Amino acid sequence: MKVKNNIILALDVMNMKEATEICEKLEKDLDTIKIGYPLTLAEGLEAVSEIKETFNFKVICDYKVADIPATNSKICNQTFKAGADAIICHGFVGQDSVQACADEAGEFNAEVFLLTEMSHPGAKLFLQENADAIAKMGVDMGIKNYVAPATRINRLKEIREIVGKDAFIISPGVGKQGGDVKETLTYANAAIIGRSIYESDDSQKALKDFISLI
Ligand code: O7E
């Protein structure tokens, strides 16, 4: 995946009006957005189709898919039917569940991102000790895209070493969660940024400020 300016906007607003206004303001400098549960639960899966139809964005659906294979397939099927270019799935559920997402993505010529370690402090409790194994599983499965934390650069670096230089890593946690955009992009291909942009009084300037730091 190619991401303009190496920044993906996390569009975690709660209604289409706000989502559309932000996209209009930022569409010159962005070409990839991430839609998760906040907007989808507020507005339905149509939010994905509507954003795809209105803007020339690639849409990554952040549904952190983490179920049995049969259910994962159904979740992915609906998401790709709505027009998503990619979906994010959890790795801790194991190879069969991740494979179900990858298989469904293959049917739609879409992509899967494998979530390794999360960016929040709580991820240290259970997820961190298994994150390397999750990344290794992804490599063995031929997964090309990963999510790794901008809040712990050493971990981002270690996960990059596992998945290799040709893998595509997107990294959340820049801005509000404390991660630094430039440092993050030393190891990640793109930074995922949400509140620091969409909660700003001037979201255009907030985005441009990040771009100028890269
Ligand atoms: O902190 P913000 O506002 O810049 O938003 C960060 C976004 O990335 C938000 O949508 C959150 O749900 C997501 N995220 C994390 O913050 N940490 C993670 O470990 C993983 C994600 C995520 O996007 O998961 C899949 C990429």
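Index from 1, following the sequence. Counting starts at 1 for both ligands and their atoms, in listed order. Any value given below was found using the heavy atoms of this structure, including those in side chains, with hydrogens, waters and symmetry copies removed. This one's a predicted model, so the numbers in the text were calculated from it and none came from an experiment.
- Below 30°, between 30° and 60°, or above 60°: for F113 and F168 the angle between ring planes is above 60°, a perpendicular geometry.
- At a heavy-atom distance under 4.0 Å, atoms from both the backbone and the side chain of M118 approach ligand 1.
- At a threshold of 4.5 Å between non-hydrogen side-chain atoms, the residues L114 and C89 count as touching.
- You'll find the side chain of K4 stays beyond 4.5 Å of the side chain of L30, heavy atoms only.
- Of all atoms in ligand 1, listed by their number and element, those nearer than 4.0 Å to a heavy atom of I192 are 8 (O), 26 (C).
- Using a 4.5 Å cut-off on side-chain heavy atoms (C-beta onward), L45 and T40 make contact.
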- N154/E158 under side-chain hydrogen bond (donor to acceptor under 3.5 Å, both in side chains): CA gap, chis, key distance, verdict: CA-CA 6 Å; N154 63 320; E158 283 163 8; 4.6 Å; no

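- D12 OD2, 2.5 Å is the protein heavy atom nearest to atom 10 (O) of ligand 1.
- In this structure the side chain of V93 never reaches within 4.5 angstrom of the side chain of D67, judged on heavy atoms.
- Ligand 1 places these atoms under 4.0 Å from at least one heavy atom of R195: 1 (O), 2 (P), 3 (O), 4 (O).
- Looking at ligand 1, you won't find any N or O of S196 less than 3.5 Å from one of its N or O atoms.
- Using a 4.5 Å cut-off on side-chain heavy atoms (C-beta onward), Q128 and M118 make no contact.
- At a 4.0 Å heavy-atom cut-off, ligand 1 touches K34 through the side chain alone.
- For atom 6 (C) of ligand 1, the choice among E117, Q177, H90 with the nearest heavy atom turns out to be Q177.
- With a 4.0 Å cut-off on non-hydrogen atoms, A10 touches ligand 1 through its side chain and not its backbone.
- For atom 4 (O) of ligand 1, the closest non-hydrogen atom of the protein is G194 N, 2.8 Å.
- The N/O atoms of D62, backbone and side chain alike, include one that comes under 3.5 Å of an N/O atom in ligand 1.
- Ring planes of F55 and F57: parallel class, angle under 30° (limits at 30 and 60°).
- Taking every heavy atom of P172 and a limit of under 4.0 angstrom, the matching atoms of ligand 1 come to 8 (O), 14 (N), 15 (C), 16 (O), 17 (N), 18 (C), 19 (O), 20 (C), 21 (C).
- For atom 12 (O) of ligand 1, the nearest non-hydrogen atom of the protein is K64 NZ, 3.7 Å.
- Residue contact check: S119 has heavy atoms under 4.0 Å from atoms 15 (C), 16 (O), 17 (N), 18 (C), 19 (O) of ligand 1.
- Residue I88 has at least one heavy-atom neighbour below 4.0 Å for each of these atoms of ligand 1: 25 (C), 26 (C).
- A donor-acceptor distance shorter than 3.5 angstrom exists from the side chain of N5 to the backbone of D29, with no hydrogens or angles considered.
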